[in-house]
There are 2 protein chains.
Amino acid sequence: MRRSRYFVLLFNLLLAALPLSAKKDYTQFVNPIIGSGGHGHVFVGANVPFSAVQLGPMNIFKGWDWCSGYHYSDSVIIGFSHNHLSGTGCDDLGDISLMPYSGEMRTKRGDDHHLEGAASSKFSHDNEVVSPSYYAVKLDNGVNVELTTTERVGVHRYNYTKAETPRVLIDLFNGIGNKTYEAYIRKIDDTTVEGYRFVNGWAPQHKVFFYAKFNQPIQSLDVFHLNTPAGTDELQGRDVKAVATFKDGMKELLVKVAISSVSCTNAKLNLEKEMTGWNFDDVHQVAKQKWNDVLSRIEIEGTPRQKTIFYTAMYHAFIAPNLYCDVNGDFRGIDDKVYRNNKFKNYTTLSLWDTYRTLHPLFTIIARKEVPDMMNSMLSIYDQNGKLPIWPLYSGETNCMPGYSSVPVIADAYLKGIGGFDANKALDYMISTATNPKQNGVKDFMHYGYIPADAIKEATSIQLEYAADDMGIALMAKKMGRMDVYHTFLKRALSYQTIFDSKINKIHPKMKDGSWYEPYDPFLANERDGVGDFCEGNGWQYTFMVPQDPDGLIKAHGGDAAFVKNLDELFVAEGDLGEGAPPDVSGMVGQYAHGNEPNHHTPYLYVYAGHPYKTAEKVRMLQNKFYTNEPDGYCGNEDCGQMSAWHIMSALGFYQVNPSNGIFVFGSPLFKKATIHLPGGKTFVITAPNNNDKNVYIKSAQLNGRNLKTSYITYNDVMKGGVLNFQMSNRPNKSFGKAKQHRPVSAK
Amino acid sequence: MRRSRYFVLLFNLLLAALPLSAKKDYTQFVNPIIGSGGHGHVFVGANVPFSAVQLGPMNIFKGWDWCSGYHYSDSVIIGFSHNHLSGTGCDDLGDISLMPYSGEMRTKRGDDHHLEGAASSKFSHDNEVVSPSYYAVKLDNGVNVELTTTERVGVHRYNYTKAETPRVLIDLFNGIGNKTYEAYIRKIDDTTVEGYRFVNGWAPQHKVFFYAKFNQPIQSLDVFHLNTPAGTDELQGRDVKAVATFKDGMKELLVKVAISSVSCTNAKLNLEKEMTGWNFDDVHQVAKQKWNDVLSRIEIEGTPRQKTIFYTAMYHAFIAPNLYCDVNGDFRGIDDKVYRNNKFKNYTTLSLWDTYRTLHPLFTIIARKEVPDMMNSMLSIYDQNGKLPIWPLYSGETNCMPGYSSVPVIADAYLKGIGGFDANKALDYMISTATNPKQNGVKDFMHYGYIPADAIKEATSIQLEYAADDMGIALMAKKMGRMDVYHTFLKRALSYQTIFDSKINKIHPKMKDGSWYEPYDPFLANERDGVGDFCEGNGWQYTFMVPQDPDGLIKAHGGDAAFVKNLDELFVAEGDLGEGAPPDVSGMVGQYAHGNEPNHHTPYLYVYAGHPYKTAEKVRMLQNKFYTNEPDGYCGNEDCGQMSAWHIMSALGFYQVNPSNGIFVFGSPLFKKATIHLPGGKTFVITAPNNNDKNVYIKSAQLNGRNLKTSYITYNDVMKGGVLNFQMSNRPNKSFGKAKQHRPVSAK
């Protein structure tokens with residue numbers, strides 16, 4: 001929790017009002033402001049883990065850095081809206097914005113009246129309190145705002161300090177970079193308002209219905225088309241705003257707003273189920289406890305700074321996916337149809353191209369009980385949309401980023417034996433998605449055996465993603481005894497070899513006629529004419545985008561020495577990314593880009609070449625360099641938990657390179673001790689007694705007291721519970737993990 | 001009313017149940033089936049004059065001839081929907097369809113379930129009763145349906161004759177050739193359902209909200225995405241249907257459905273105001289009385305066949321414009337914004353390119369009290385949309401057809417002194433519309449003085465329409481003393497002269513460079529490459545499209561003889577319209593096309609050349625040939641009353657050629673006596689004692705006993721009340737109306 005002058009007052013009030021829990025409070029270590037500056041794009045506001053509601057302040061949308069609706073550099077709030085993306089590079093949501101203010105209903109600006117002019121307010125970060133379950137701000141307009149939430153209900157407490165008529169603007173027009181195509185508001189009675197906002201945004205379409213209860217009677221609800229008065233009490237149209245006016249002299253106002261993708265009736269149901277009374281502080285405490293439940297799944301020993309960075313990462317890892325169903329299970333599918341469902345908790349906001357790499361493997365350890373619902377949510381999207389999700393958001397498939405990255409996530413869950421979903425159906429859906437001729441490049445992939453650089457844009461990146469995904473299909477099919485499928489998809493998984501150019505030791509875009517794309521500059525990360533280009537990256541970076549088969553990649557290089565040399569060079573090579581390269585390619589160390597996802601596994605590839613000490617060096621350097629306790633504490637988009645998951649896994653000392661095989665290769669643990677609390681009361685404890693800033697190398701390791709020769713452990717090792725002890729050193733132990741038989745291998 | 005076997009039973013029931021009104025029943029003469037076959041495209045069902053609701057049966061939409069939702073050739077009904085266009089060549093509306101049936105909720109067709117299969121039913125015209133205020137049909141599925149309406153409420157009475165579970169399909173997906181983009185249904189309580197249908201159709205967008213009350217409890221409301229079950233009680237989406245199931249054994253069900261463009265709340269308000277109880281027959285009687293109130297505005301003496309054709313025309317003349325506001329005055333504007341309005345009754349469905357010619361001049365006589373609201377509705381559209389209406393439908397401007405045809409309508413109302421609207425504002429809006437650079441061709445018109453054939457499609461038709469409209473601006477400005485405006489627009493009104501080619505005595509499309517478009521075939525009515533083409537017509541027809549200045553057109557011809565010769569030839573010339581000519585160009589006599597509007601005034605042009613007897617011949621011939629008591633009794637689209645208005649005016653014996661000058665030129669009266677009931681209890685009586693099939697020529701005329709030398713009378717002559725007597729003859733009186741001083745002249 002980030003302290004401020006304003007905070008001191010509130011914190012004391014809270015201390016006085018509430019009994020201190022005997023349990024440890026991990027939320028105190030979370031600083032949600034990390035990543036709200038720079039290009040982290042994280043959500044700032046109140047929520048609970050994986051919740052439907054993310055209730056937080058919204059600035060005027062000014063572009064890329066406002067993807068979450070809020071950027072640390074801003075100083076004006078236009079409302080507090082009920083859902084936000086966290087860490088993405090795309091803007092959407094920001095639905096159902098409430099803004100308290102007092103005085104004239106509309107202020108005059110020049111010749112015109114502006115509701116926004118009246119309702120927006122400047123603020124200072126000094127007057128903000130920011131924590132996972134609670135957000136407060138003292139607005140310059142004289143209203144003190146506090147926010148907290150349940151899963152589906154946002155709770156607002158406003159204190160009006162000015163002696164002017166108290167009002168709340170309900171803005172159904174402004175969202176985060178998106179466009180309302182229909183909206184509706186209706187006053188049901190003196191304390192109840194319902195309505196909806198239908199949106200075309202990054203998600204082609206989504207719908208948010210709301211049901212709001214105030215604890216004070218509304219004197220009048222004036223409705224507006226933008227800033228033009230349109231009567232009272234009810235309005236339907238594209239551009240709907242309303243102002244609820246309250247009795248002069250009213251000091252405190254509470255409003256609880258439930259949302260639903262299905263209907264106002266369901267939103268009402270959500271409200272009735274999740275918040276009956278008016279005790280804001282109780283809701284806050286329950287929300288805080290929910291955060292503690294997830295944050296405490298890993299206990300660490302570390303410095304205050306380390307704890308802040310680590311638990312903030314844990315917090316960011318548990319924001320998305322978002323709950324996307326009502327208390328009765330209903331939700332609105334990708335096809336805009338309503339599904340009546342009481343079989344599983346439906347989730348959305350699956351930033352899979354990012355999160356398949358580390359966040360989902362992490363979930364199999366620390367959110368194992370939520371995994372089956374996530375799997376069922378993805379399988380359900382196939383039922384709705386005829387293919388597994390790419391990047392689903394509410395009732396829209398954004399189809400954003402290359403790959404069908406749900407595939408390795410499902411395979412990983414199956415291969416780890418998590419269960420709780422229909423594996424046969426899942427494999428059928430994975431095959432169908434991977435052979436869907438409408439899926440970008442799939443026809444070419446199946447025809448050529450690779451995706452020609454002159455066939456589609458970003459062809460080579462797309463092929464590399466498909467190949468990584470296809471290994472998941474192959475491994476799952478093999479385990480299920482469907483050997484024909486195994487062989488087909490193993491071939492596709494190894495197809496990176498068709499585009500590896502051993503003359504230059506680089507992945508090299510290949511043309512339809514089989515020739516290499518020339519002239520090829522592996523430094524260029526810009527789009528150029530869409531031939532030979534990569535997706536948010538360059539040839540250097542994508543050369544290592546083979547998490548599914550590092551041994552094969554090493555072989556293709558001609559062996560360990562050439563591979564290690566090439567990988568060493570990645571971290572020092574200097575060159576021009578080219579004009580117009582995407583801002584995502586950030587967090588640069590040589591050509592390694594920690595700010596974007598395709599490289600995240602790359603430092604761990606040394607382990608496969610028998611050089612784990614080089615991984616340790618790189619990982620520790622990246623942790624120090626790119627995770628700080630500052631607003632710009634992430635070196636690129638946080639990406640729905642992926643950037644944080646990298647920190648968490650790496651801090652524990654191991655990392656899953658192949659997204660679908662459950663092999664955790666060693667890096668460099670960050671703490672002297674970390675305890676993972678597993679289902680069934682088991683723990684997996686990682687100790688590194690002599691760990692410090694200098695002792696970054698693993699000298700030796702013991703699993704449950706037994707000396708480990710391997711430079712990796714498995715998922716099962718972790719989930720059985722036990723103790724992993726690392727002896728650290730300030731000098732590399734070059735023999736540890738060097739022998740072929742002690743290295744991890746791609747599970748083919 | 002069209003009698004059938006089924007009708008006999010119902011009619012006897014009605015006779016038994018209701019005291020016969022002492023007043024004469026004109027609805028007995030109306031046969032709404034006229035125009036429901038062929039290409040008349042009229043609405044069939046129950047309504048009241050100018051009502052918001054047109055409640056009638058809907059077939060499966062099969063194309064152009066189903067523009068009103070119903071075509072006489074069809075034998076399957078899929079539902080009874082609450083609004084319909086009448087007589088247009090474009091399809092839309094058909095919103096909120098209810099279909100009673102019994103038995104299984106969904107029938108199995110092949111491998112799939114089809115709600116439509118269960119709910120659609122065959123029927124026979126023998127089992128239909130069709131009248132203005134009441135429609136009944138005995139469906140082959142065993143349900144007897146009766147319909148009647150108030151202004152904003154459709155009332156259904158269903159009798160279930162089969163011993164199977166009684167149900168009602170509420171279909172918010174199917175309309176008339178349009179596409180739902182959002183819909184909603186909700187069961188409020190056991191007898192109440194509300195919802196909406198938002199549509200992209202011919203009108204780019206419109207919205208219909210409904211509120212429905214049943215007189216029997218709904219046992220369950222099952223909701224569907226098309227035919228896929230989606231739970232009960234409530235559903236929002238693109239493709240919403242619902243089935244209300246009632247108690248087994250229920251025989252009679254009544255449902256009343258109110259509609260609104262604003263909200264369900266307003267629909268409820270409409271219901272509460274317009275129909276409190278459940279007396280279907282009372283509502284029917286009130287509706288019938290409303291029809292009698294307007295039908296009786298003209299009393300005629302004629303044969304039963306003549307009465308049927310005439311009163312059916314009167315009926316069709318009073319269907320549109322449609323009331324488009326709620327009982328509190330609220331409506332949704334062209335800009336999709338809600339307008340709170342209690343100053344005037346708002347109307348929509350203004351088929352102005354058709355109706356400016358005859359229907360609106362007729363309204364100034366027989367619907368004078370409704371005219372100010374129509375004018376205010378049009379001026380309001382300028383306020384909403386920045387230009388006067390072209391062809392507005394609900395909350396959409398279709399921009400259909402050339403011209404800004406609201407302009408002559410407003411000018412006519414002003415010049416006739418009708419008042420009730422702001423004339424200064426009106427003139428400003430007319431000028432603004434006529435100079436709006438976004439209005440198709442206006443920039444070219446102002447630049448070249450004509451609209452070049454190589455500038456835009458249908459250029460010449462568009463110019464001729466603008467010129468006719470501009471005379472309205474000129475005449476109105478002159479009367480208001482704004483002489484600069486008068487001169488500017490008079491010049492534009494006379495601009496037809498720039499495209500009259502005296503070498504061939506034809507309107508001749510002209511190119512940007514001032515040359516005539518060649519090769520020019522004045523018979524061609526097809527689009528070709530969009531250069532030199534006309535809108536729904538050919539060069540022959542458009543040569544006479546100068547209603548604003550017939551004397552000038554005659555002069556351009558070189559005088560009476562050449563003009564009469566040319567006009568004679570129009571009615572006999574034979575030639576090919578060209579491949580792909582629009583079906584609207586119908587009702588052909590030579591090249592004269594009575595089935596479409598641009599020629600409607602043409603037979604009356606002889607009067608301006610001193611040959612009224614030739615007008616008489618042509619008009620009488622057209623009346624006999626193109627108005628019959630058959631399903632295909634109109635020779636083309638009825639066009640929202642225009643085709644009927646031509647019949648009515650012509651049957652009275654006079655016709656307004658210039659849409660904006662109130663001069664009624666003589667033709668050939670159809671009846672021995674016709675009495676127009678005017679405001680204030682006055683009457684204008686037209687007598688023609690010796691009129692018959694042979695005596696089609698006016699031998700002489702007396703106005704209020706005084707011999708008339710002129711071949712015309714004025715609007716004021718009519719509205720003062722009085723008697724116009726025609727002496728008819730079987731031989732032309734070639735001297736009547738021949739002298740220059742007795743002819744009508746264009747009022748410049």
Side-chain angles (χ1 to χ4, degrees), chain A residues 180-188 194-200 205 207-209 222-242 260-269 326 328-342 383-384 395, chain B residues 180-188 194-200 205 207-209 222-242 260-269 326 328-342 383-384 395:
Chain A
T180 313
Y181 72 89
E182 293 296 344
Y184 177 61
I185 195 162
R186 180 168 75 109
K187 195 179 93 178
I188 295 172
E194 66 173 17
Y196 57 72
R197 182 170 192 258
F198 297 172
V199 181
N200 298 136
Q205 184 191 49
K207 295 177 177 174
V208 178
F209 298 81
D222 293 84
V223 295
F224 298 83
H225 284 297
L226 284 183
N227 304 310
T228 308
T232 59
D233 294 347
E234 187 173 25
L235 191 63
Q236 200 289 332
R238 278 194 186 84
D239 46 8
V240 172
K241 295 184 187 182
S260 162
S261 65
V262 171
S263 65
C264 294
T265 310
N266 274 23
K268 183 183 180 207
L269 207 63
D326 297 321
N328 59 4
D330 292 356
F331 65 90
R332 183 176 298 273
I334 292 290
D335 54 357
D336 190 43
K337 294 197 193 325
V338 171
Y339 289 83
R340 312 291 178 179
N341 154 63
N342 50 20
D383 292 329
Q384 301 153 33
S395 60
Chain B
T180 312
Y181 72 89
E182 292 297 343
Y184 177 61
I185 194 161
R186 181 167 74 111
K187 194 178 94 176
I188 296 172
E194 66 173 17
Y196 57 71
R197 183 173 192 256
F198 297 172
V199 182
N200 297 136
Q205 183 190 49
K207 295 177 179 175
V208 177
F209 298 80
D222 294 84
V223 295
F224 299 83
H225 284 297
L226 283 183
N227 304 310
T228 307
T232 60
D233 295 347
E234 186 173 25
L235 190 63
Q236 200 287 334
R238 278 193 186 85
D239 46 8
V240 173
K241 295 184 186 182
S260 163
S261 66
V262 171
S263 64
C264 294
T265 310
N266 273 23
K268 182 181 180 208
L269 207 62
D326 297 319
N328 60 3
D330 291 356
F331 64 91
R332 184 176 298 274
I334 294 289
D335 53 356
D336 189 44
K337 293 197 194 323
V338 171
Y339 289 83
R340 313 290 177 178
N341 153 63
N342 49 19
D383 292 330
Q384 300 153 33
S395 60

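So you know, we letter chains A, B, ... as the sequences are listed, proteins then strands, and number each from 1. Since the model is a prediction, treat every value here as computed from it, not as a measurement.
Proximity to chain B is absent for every atom of A:Tyr339, based on heavy atoms less than 4.5 angstrom apart. Contacts of B:Thr232 with chain A are made by backbone atoms alone, with heavy-atom separations under 4.5 Å and no side-chain atom involved. B:Val262 touches chain A through its backbone: at least one of N, CA, C or O sits under 4.5 Å from a heavy atom, while the side chain does not. Contacts between B:Arg340 and chain A at a heavy-atom distance below 4.5 Å involve the side chain alone, from C-beta outward. Using a 4.5 Å cut-off between heavy atoms, B:Asp239 contacts chain A through its side chain alone, with no backbone atom that close.
The OH atom of A:Tyr184 sits 7.5 Å away from atom CZ of B:Phe209, with the distance rounded to the nearest 0.5 Å.
What you find for B:Ser263 and A:Glu234 is that their closest heavy atoms are OG-OE1, 3.2 Å. Looking at every heavy atom in both residues, B:Asp336 comes nearest to A:His225 through O-CE1, 4.0 Å.
Other residues, nucleotides and ligands contribute over 12 non-hydrogen atoms within 6.0 Å of the NZ atom of B:Lys187.
Looking at B:Val338 and A:Gln236, their side chains never come closer than 4.5 Å, going by heavy atoms from C-beta outward.
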